[in-house]
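The structure appears right after this line, and notes come after that.
Residues: numbered from 1 along the sequence shown.
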Amino acid sequence: MAGRRALKAVLVDLSGTLHVEDSAVPGAQEALKRLRSAPVAVRFVTNTTKECKRDLLERLQKLDFDIQEDEIFTSLTATRNLLEEKRVRPLLLVEDSALRDFGGLDTSDPNAVVIGLAPEHFNYQMMNKAFHLILDGAPLIAVHKARYYKRKDGLALGPGPFVTGLEYATDTQATVVGKPERTFFLEALRGTSCAPEEAVMIGDDCRDDIGGAQNAGMLGVLVKTGKYRQGDEAKINPPPYLTCESFPQAVDHILHHLL
């Protein structure tokens, strides 16, 4: 890769790339071990809002992935950091299992609206409450705006359509925290002493994982697992640096061609 610095860090998406719910992508555990044998920092970046970081880590460790909590950077973590910075009291539209990551925040008399993935809360009454708060001046904060995600029973709506509905109804624009935002990728690299040009991102979401990473200056490797659908490569410009069948093939390419 002429003009690029030596690779020093690999960012890895979780849901859809290493696992789908409670099932690992075939060969992913061994591939991660091979990647860890290389002289690169490995970090895990996820927009998952279905569960707190601790529950997510337990899920991954039950699947025999060698991952430590301080290696995971989530959009929930980034959202909490933003709420503390802005000193607002959020109405939290996230799954109950994700609330632990917001423990200690004042949520009384909310003056901000936070939307993640919250199927149990996306009802008319709750969305209308968020609508009125935003009309009264509360900022709308999207943990992320994914269109959909992969479950065992197929694709399912993500938070993006609900965020977009509130944007339309209130004539406002949400602050998006997670992928594909450039600041999210830069925060994930913090502590690695790596510049974006020294990093590669592996993920199954062409827009949020790959497009976001490449806009931040990284290389992007798209995998055909999880939410991937045929033709996704054409949805971003420039296209992914590389498209692989799955995470193990992506790791093999990195080990043989980028180091």
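- Lys235 NZ: more than 12 foreign heavy atoms inside a 6.0 Å radius.
- Evaluation of the side-chain contact (heavy atoms from CB on, under 4.5 Å) rule for Lys62 yields no partner, not counting sequence neighbours.
- With salt bridges taken as basic N to acidic carboxylate O contacts below 4.0 Å, none links Arg80 and Asp101.
- Counting only heavy atoms from C-beta outward, the side chains of Leu32 and Phe44 approach each other to under 4.5 Å.
- Looking at Lys152 and Ser23, their side chains come closer than 4.5 Å, going by heavy atoms from C-beta outward.
- Looking only at side-chain heavy atoms (C-beta outward), Glu51 and Glu95 stay at 4.5 Å or farther from each other.
- Two residues are said to be in side-chain contact when any heavy atoms from C-beta on lie closer than 4.5 Å; Ile67 and Leu57 meet this criterion.
- In this structure, the side chain of His256 engages the main chain of Asp252 through a donor-acceptor pair within 3.5 Å.
- For the pair Arg89 (side chain) and Ser108 (backbone), a donor-acceptor distance under 3.5 Å is present.
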Donor-acceptor contacts, no H, no angles, side chain residues 127-142, under 3.5 Å, sequence neighbours left out:
none

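- Considering Val20, Thr48, Asn47 as possible partners of Ser15, the one that fulfils the side-chain contact (heavy atoms from CB on, under 4.5 Å) test is Thr48.
- Within 6.0 Å of atom CZ in Arg147, 12 or fewer heavy atoms from other residues, nucleotides or ligands are found, so the atom counts as exposed in its surroundings.
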Practice item. With side-chain contact (heavy atoms from CB on, under 4.5 Å) as the test, would you mind laying out the steps for Phe247 and Val251 before giving the verdict? Key: CA-CA 6 Å; Phe247 178 69; Val251 169; 3.5 Å; yes

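- For the pair Leu83/Phe102, a side-chain contact is recorded, criterion being any heavy-atom separation below 4.5 Å from C-beta on.
- Counting only distance, with no hydrogens or angles, the side chain of Thr225 and the backbone of Gly16 share a donor-acceptor pair below 3.5 Å.
- Put simply, the side chain of Thr77 never gets that close to the backbone of Phe73: no donor and acceptor are under 3.5 Å apart.
- Of the possible polar contacts, one joining the Lys53 side chain to the Ile72 backbone as a donor-acceptor pair under 3.5 Å is found.
- A salt bridge is absent between Asp232 and Arg229; no separation between the charged side-chain nitrogens and carboxylate oxygens falls under 4.0 Å.
- The closest donor-acceptor contact from the side chain of Arg36 to the backbone of Asp66 lies under 3.5 Å.
- Under the side-chain contact (heavy atoms from CB on, under 4.5 Å) criterion, Leu99 pairs with Leu92, Val94, Asp96, sequence neighbours left out.
- Shown here are the salt bridge (Lys or Arg N to Asp or Glu O under 4.0 Å) partners of Glu58, two or more places apart in sequence or in another chain: there are none.
- For the pair Lys50 and Arg151, the minimum side-chain heavy-atom distance is 4.5 Å or more.
- The shortest heavy-atom contact between Ala250 and Val221 is CB-CG1, 3.7 Å.
- Side chain of Arg43 to backbone of Ala9: no donor-acceptor contact under 3.5 angstrom is found.
- Across all their heavy atoms, Thr17 and Gly203 have their closest contact at OG1-CA, 3.4 Å.
- Contact check on Lys150 versus Asp204 returns no salt bridge, with no Lys/Arg side-chain nitrogen under 4.0 Å from an Asp/Glu carboxylate oxygen.
- Using modelled atom types, one side-chain atom of Gln214 and one backbone atom of Gly220 make a donor-acceptor pair closer than 3.5 Å.
- In this view, Glu245 and Lys224 satisfy the salt bridge (Lys or Arg N to Asp or Glu O under 4.0 Å) rule, not counting sequence neighbours.
- Residues Arg34 and Pro248 meet the side-chain proximity criterion, which asks for heavy atoms closer than 4.5 Å.
- Salt bridge status for Lys227 with Asp205: present, with a side-chain N to carboxylate O gap under 4.0 Å.
- Between His253 and Tyr241, the distance separating the two ring centers is shorter than 6.0 angstrom.
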Can you give the donor-acceptor pairs under 3.5 Å from side chains of residues 174-190 to other protein atoms, not counting sequence neighbours?
residue : atom : partner : partner atom : Å
Lys179  : NZ   : Asp13   : OD1          : 2.9
Lys179  : NZ   : Val45   : O            : 3.3
Lys179  : NZ   : Asp209  : OD1          : 2.7
Glu187  : OE2  : Arg190  : NH2          : 2.6

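- A donor-acceptor distance shorter than 3.5 angstrom exists from the side chain of Gln249 to the backbone of Ser246, with no hydrogens or angles considered.
- Side-chain atoms of Leu157 and Phe122, non-hydrogen and from C-beta on, never get closer than 4.5 Å to each other.
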